[in-house]
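Labels below follow one simple rule: chain letters A, B, ... track the order of the sequence lines, proteins then strands, and each chain is numbered from 1.
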Amino acid sequence: MPRLRVTTWNINSVRLRQDLVLKLLAETKPDVLCLQEIKVMTDLFPHDPYEQAGYRHRAVLGMKGYNGVAILSKAPLERIDGPDWCKKGDSRHLTARIGGVEIHNFYVPSGGDIPDPKQNPKFAHKLAFVDEMADWFRKNRKPKDPMILVGDLNIAPLEHDVWSHKQLLDVVSHTPIEVEKLGKVQKSSEWVDAVRNFVPEDQKLYSWWSYRAADWALSNRGRRLDHVWVTPPLKKSLKGYSILKDARGWEKCSDHVPVTVDLAL
DNA sequence: ATGGTTGGGGTCCAA
């Protein structure tokens, strides 16, 4: 029964943090690594170090300066180009079929500061993007399809996915409208939250800590923005998870840490 | 209530 270990990480510049990506690959040894915010044009993605590290199959969708997603795999992958979300051409989603499983890598818009779509076009974009995700899966895929969805969804849906539910109810990433819309995406393919499958909902879980805290570990005001979901056929295959909190303390680190899930297929 | 930090590209915008 082959293991499939999938890691998702918002790397916040793949070029600046190349050594950290290689460190993660060496330590965690995922079969598939999904990156977000690579912040590099597709043609300038640094392939060589990953080729040499044994990740010989790669799909990259980048752009200049912002966003960008990539999938690195030890096993062959078949790239599937998805829709142009919100018709913005902004490199936020990439799909690969690897060994009979379809893996969706998403970077959902952050949404700006003001949680009102009428005042803040970035928040309107985020809500429209999440709406489109639900529509797309409902129309184009079925819950019985073996799929994994990972990425920086920029939404912490549960009360204990944030350091203070009450204080963040009006903060973009944890507002009721975002949580409701993300719930509709979850329903679209009956997605199972793989990490919460292992960790009860009354336990705090974070994958992101702001750069702006004087001492991120001491204040520990985190949010769980990075997710791994699976469709029902894969639920029984879930074997374990890890959230590499140590990576938030690495030199020149990302503000997100790697989230890993193991499946036995 | 406010401000705090980081990256990319270019001396500001996005997160």
Side-chain angles (χ1 to χ4, degrees), chain A residues 8-24 34-46 60-70 85-93 105-117 119-130 150-157 161-164 166-175 177-179 181-182 206-227 244-259:
Chain A
T8 179
W9 196 8
N10 178 319
I11 194 62
N12 187 15
S13 174
V14 75
R15 288 178 293 184
L16 194 70
R17 285 182 240 289
Q18 179 168 296
D19 291 346
L20 299 189
V21 179
L22 292 170
K23 180 181 167 79
L24 171 85
C34 295
L35 297 170
Q36 304 87 36
E37 279 205 277
I38 60 173
K39 290 187 173 176
V40 64
M41 284 189 288
T42 304
D43 291 347
L44 294 179
F45 185 87
V60 178
L61 180 63
M63 63 188 287
K64 190 182 174 80
Y66 303 99
N67 312 324
V69 285
W85 303 91
C86 301
K87 296 188 167 62
K88 282 184 173 282
D90 58 359
S91 301
R92 293 181 178 275
H93 173 233
N105 180 15
F106 276 99
Y107 175 51
V108 171
S110 175
D113 290 329
I114 304 164
D116 177 356
Q119 289 183 62
N120 173 11
K122 292 181 201 167
F123 194 66
H125 176 215
K126 182 179 196 175
L127 297 181
F129 190 103
V130 178
V150 309
D152 176 5
L153 305 184
N154 266 315
I155 298 172
D161 290 340
V162 294
W163 63 275
S164 168
K166 278 186 182 171
Q167 286 176 263
L168 288 172
L169 272 172
D170 208 26
V171 172
V172 171
S173 73
H174 193 61
T175 65
I177 183 74
E178 292 168 83
V179 172
K181 287 181 183 295
L182 191 68
Y206 312 137
S207 65
W208 171 90
W209 292 261
S210 171
Y211 282 129
R212 297 177 189 176
D215 185 330
W216 70 274
L218 183 65
S219 61
N220 198 26
R221 294 183 169 188
R223 304 178 202 169
R224 190 172 70 111
L225 304 178
D226 303 275
H227 299 271
L244 191 58
K245 188 176 176 181
D246 281 359
R248 185 61 180 78
W250 290 353
E251 196 175 347
K252 294 280 283 177
C253 63
S254 170
D255 46 355
H256 295 253
V257 300
V259 178

Asks: Return the set of residues passing salt bridge (charged side-chain N to carboxylate O under 4.0 Å, His left out) with A/Lys23 (not counting sequence neighbours), or none when no residue passes.
Replies: A/Glu27
Asks: Between B/dT2 and B/dT6, how far is it from one P atom to the other, in whole Å?
Replies: 23 Å
Asks: Sequence neighbours excluded, which residues qualify as side chain to side chain contact (heavy atoms under 4.5 Å, CB included) partners of A/Val172?
Replies: A/Pro115, A/Phe123, A/Lys126, A/Glu178
Asks: More than 12 heavy atoms of other residues, nucleotides or ligands under 6.0 Å from CG of A/Asp113: is that the case?
Replies: no
Asks: In whole Å, what separates the P atom of B/dG10 from that of B/dG4?
Replies: 26 Å
Asks: Tell me every residue that passes side-chain hydrogen bond (donor to acceptor under 3.5 Å, both in side chains) with A/Asn105, counting only those two or more places apart in sequence or in another chain.
Replies: A/Gln36
Asks: Could you give the CZ-to-P distance, from A/Arg221 to B/dG3, as a whole number of Å?
Replies: 16 Å
Asks: With rounding to whole Å, what would you report as the distance between B/dG3 and B/dG7 at their P atoms?
Replies: 22 Å
Asks: Using salt bridge (charged side-chain N to carboxylate O under 4.0 Å, His left out) as the criterion, list what pairs up with A/Asp255, not counting sequence neighbours.
Replies: none
Asks: What distance, rounded to whole Å, do you find between the two P atoms, one in B/dG9 and one in B/dC13?
Replies: 16 Å
Asks: Which letter, B, S or -, goes with each nucleotide of nucleotides 7-15 of chain B from 5' to 3', with contact meaning a protein heavy atom under 4.0 Å?
Replies: SSS----SB
Asks: Under the rule for side chain to side chain contact (heavy atoms under 4.5 Å, CB included), what residues qualify as partners of A/Gln18, not counting sequence neighbours?
Replies: A/Leu22, A/Pro46, A/Pro49, A/Tyr50
